[in-house]
Amino acid sequence: MQDIIKTTCPRDCYDACGIAVVRKDGQIAKILGDPDHAVAQGRLCGKCAIAYNGVWRDVKARLGQPLRRVGTKGEGRFAPIPWDDALAQIATRLQDMIARGDAHKIIHTHYTGTVGLVGGWYPIRFFNRIGATEVDPDTVCNKAGHVALELMFGDSLHAFDPRTVTQSKTLLIWGANPSHAAPHQDRNFVQRAKAAGTKVIVVDPISHGTAKAADIHLKLAPGTDTALAFAILHVLERENLFDRQFIADHVLGAEAIAGSIAEMTPERAAGICGVAAAMIEEAAIAYGAGPSLLWLGQGVQRQRYGGNVFRVLAALVALSGNISKPGAGFLYMNGPGGRGIDMSSVTCPDLASDPPAAISHVDLAATLADANIAKALFNWNNNPAASSPQQRQVRAALTREDLFHVAVDLFHTDTTAYADIVLPAASFLECDDLILSYFDLTMSAQVKAASPIGVALPNSEIFRRLSAVMGLTAPELFESDDDIIAKLLKQTGYAGTFADLAKRGTVTLFSEPRIQFESRRFPTPSGKIELMSDRAVEQGLPAVPQLIFDEPPKAGRIRILSPASMWQMNSSYGNDAMIQKRLGKPSVILHPVDAARIGLAEGDMATLRNETGYLTLAVTISETAQPNVGIVYKGRWPNATLGDANVNVLVPNCKSDIGASTTVHSVEVDILPARGAP
Ligand SMILES: Nc1nc2c(c(=O)[nH]1)N[C@H]1C(S)=C(S)[C@@H](COP(=O)(O)OP(=O)(O)OC[C@H]3O[C@@H](n4cnc5c(=O)[nH]c(N)nc54)[C@H](O)[C@@H]3O)O[C@H]1N2
Ligand SMILES: Nc1nc2c(c(=O)[nH]1)N[C@H]1C(S)=C(S)[C@@H](COP(=O)(O)OP(=O)(O)OC[C@H]3O[C@@H](n4cnc5c(=O)[nH]c(N)nc54)[C@H](O)[C@@H]3O)O[C@H]1N2
Ligand code: SF4
Ligand SMILES: [Mo]
């Protein structure tokens, strides 16, 4: 007998595709895109179509039972143990640390394994209760942007409603690559808007698919965004495209950046950014005339002054008045709050006796290396040995024999190889959850379609059981997934039950398109958009956005960008054989000018080296890059790669100016021809 279960992809992806799980006699036969789903339209992206029908359901690759380490740390030798033993051993070690007053020396990292509201967030209750230290997940991704937008608008999680694009004349995509990171929205949203007459402008150092298809591509030098944005503001002012009334009523401190605007002519910016002045003028006039949408990518803020860049980009929105009206606004992400969901009802911060402590991912290596500040590590939904900066230093710290390490994952990864205990998690196909797209304002059901592999358990159940074994009693630690899901559904105002939602897959919570900040009251202290911010000063930041930008790399160095790969989701799928074939050899994409200067031909091996590490890669030559800029896509599994490292071996512990966030796109290296294979 064949049946079809509708569910939803819970990857950290803009698209949140609807999935049709085809089952034969109750067993999963095939995972397809849901033909009824407005975004997926019957197609998954290539990477998920492969991995969900490959490694994700491969019982040999998946973890099916708890394991304890029998080899040295990093060696990857483990022996199975029953759940009771695994949980008892963990409980004993943690209880001992807690009794000694070292609870805050229990460090936990988590992030994008699943973005399900339960699977992604419920375990935080446990860590709040015991007083552990969280490695702030956003600091390895998008924290600088969040903090900057929060300072200026009072909220970074209320974005434009993509449906308003029908009223937009221009769509400006700044430092995002939808052709990789949001492949369905690239087709459905960007290309459809363009076909309907909306002018699409992309600002990006590389010629990715979305940039190539755009009306205008401003291919700026990385790190020069501030100069370009101030030049756009210069043109807007000159062309009388500032919204003077909106500024007078709703913007604080516009006059304080007047000097920078006057100074940065398009001609001057052209010299800094490497973009023709005429193109800057054309883009500025299109954006300023509006109504315009601005899609703020996460790539653009992953640089040394990424927070400041976001503050200047927010000034584009504020001074042109491209907000609070149909067809206008900006998108970083649409958070749960806009759909009525209170995430603290999932994470329960009040369970902590002291405010939960947090550190930056950028400090992970140093933290784990220090026995005085890290006694235990839990990693769940996260593969820091592949994803975090200072890869070599992180992995060296993970060899500490006295660091008690528990890993919760679907697979043996580069990180689990160091763990004392490995716990097998159930995948999204094996438990219910709620998924919220962060691009649009829908809500979707993740629906159990199969039993977990072996004795694997959902993240939430693992932490319920551990709480019980540790003798913890707070009722919040034992709330069932069904109850949490029902509570969250009620918060959204959705009239049905989870079973109703499961039948439909995805629902839109608002029948009419929402206008971003329609009330024109911004949740800042002044109620206005704060270009001038006292709160910034309190955080030790300049009061207003600054005209600062990066110089080109020194003396022949190359700036390496490591954005989203088409074939992986962060490091996920790096262990799928078919995906590995699609990925081909680990490579660096160089511009022909640089390849010629260094003396490299297509397919040659080259070593990238800087103060943090080195990596040998095959050379691909393409004008997708630009002179002085190379591309190494993120996410390879070090242990599946000759040389046992990925691009994060080159990423230093350098923090962004705002939010102590990662700076993966500010990395500079020397490149030398290498002999032979890596
Ligand atoms: N150089 C460079 N590095 C980067 C970036 C970059 O642009 N350049 N991007 C950064 C960004 S944006 C991010 S968000 C981070 C992401 O980094 P991570 O959060 O480490 O993301 P993944 O590498 O996909 O690892 C997620 C892990 O969760 C596991 N998993 C999947 N489902 C489940 C589940 O249900 N339960 C449990 N317990 N585990 C599960 C997967 O098998 C995988 O091992 O990487 C960052 N690293
Ligand atoms: N296929 C796939 N999809 C993904 C992911 C994945 O790994 N693979 N990861 C998911 C996650 S966790 C996230 S956070 C998102 C990230 O998705 P995006 O927001 O698109 O972020 P990135 O891929 O890091 O980078 C986007 C663009 O920023 C550009 N960029 C780099 N430096 C600069 C600069 O100085 N200025 C400007 N203007 N642009 C710059 C890069 O060239 C790149 O094209 O994607 C999600 N979707
Ligand atoms: S990763 Fe994104 S594009 Fe791929 S199936 Fe999942 S939601 Fe869709
Ligand atoms: Mo991310």
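In each ligand, atom 1 is the first atom listed, and ligand 1 is the first ligand listed.
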Do any nitrogen or oxygen atoms of [X] come within less than 3.5 Å of a nitrogen or oxygen of ligand 1?
X: Val408; answer: yes
X: Thr114; answer: no
X: Thr413; answer: no

> Tyr52 vs Phe428 aromatic rings, parallel, tilted or perpendicular, using cut-offs 30° and 60°?
Replying inline: tilted

> Hey, which residues fall under 4.0 Å of ligand 2 on heavy atoms?
Replying inline: Asp12, Tyr14, Lys47, Cys141, Trp174, Gly175, Ala176, Asn177, His180, Ala181, Val203, Asp204, Pro205, Ile206, His208, Leu220, Pro222, Gly223, Asp225, Gly297, Gln298, Gly299, Val300, Arg302, Gln303, Leu561, Pro563, Ala564, Ser565, Gln568, Met569, Asn570, Lys634, His665

> Does the pair Trp295 and Phe160 meet the rule for a ring-ring contact (aromatic ring centres under 6.0 Å, His included), with working shown?
Replying inline: CA-CA 9 Å; Trp295 180 340; Phe160 64 65; 7.5 Å; no

> Looking at CG of Asn648 and CZ of Arg395, how far apart are the two atoms once the value is rounded to the nearest 0.5 Å?
Replying inline: 11.5 Å

> Any idea which heavy atoms bring Pro458 and Ala426 closest together, and the distance?
Replying inline: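 Here Pro458 and Ala426 meet closest at N-CB, 3.6 Å.
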
> If only atom types and distance count, is the side chain of His110 paired as donor or acceptor with the main-chain N or O of Glu134 below 3.5 Å?
Replying inline: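 Looks like no, no N/O pair under 3.5 Å.
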
> Any heavy atom of Pro458 sitting closer than 4.0 Å to ligand 1?
Replying inline: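 Under 4.0 Å: no for Pro458.
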
> How about Trp380 and Phe126: are their ring centres within less than 6.0 Å of each other?
Replying inline: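 No; Phe126 has its ring centre 6.0 Å or more from that of Trp380.
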
> Is the His361-Tyr111 ring centre distance short of 6.0 angstrom?
Replying inline: no

> Is it the case that Asn382 and Thr109 place a side-chain donor and acceptor less than 3.5 Å from each other?
Replying inline: yes

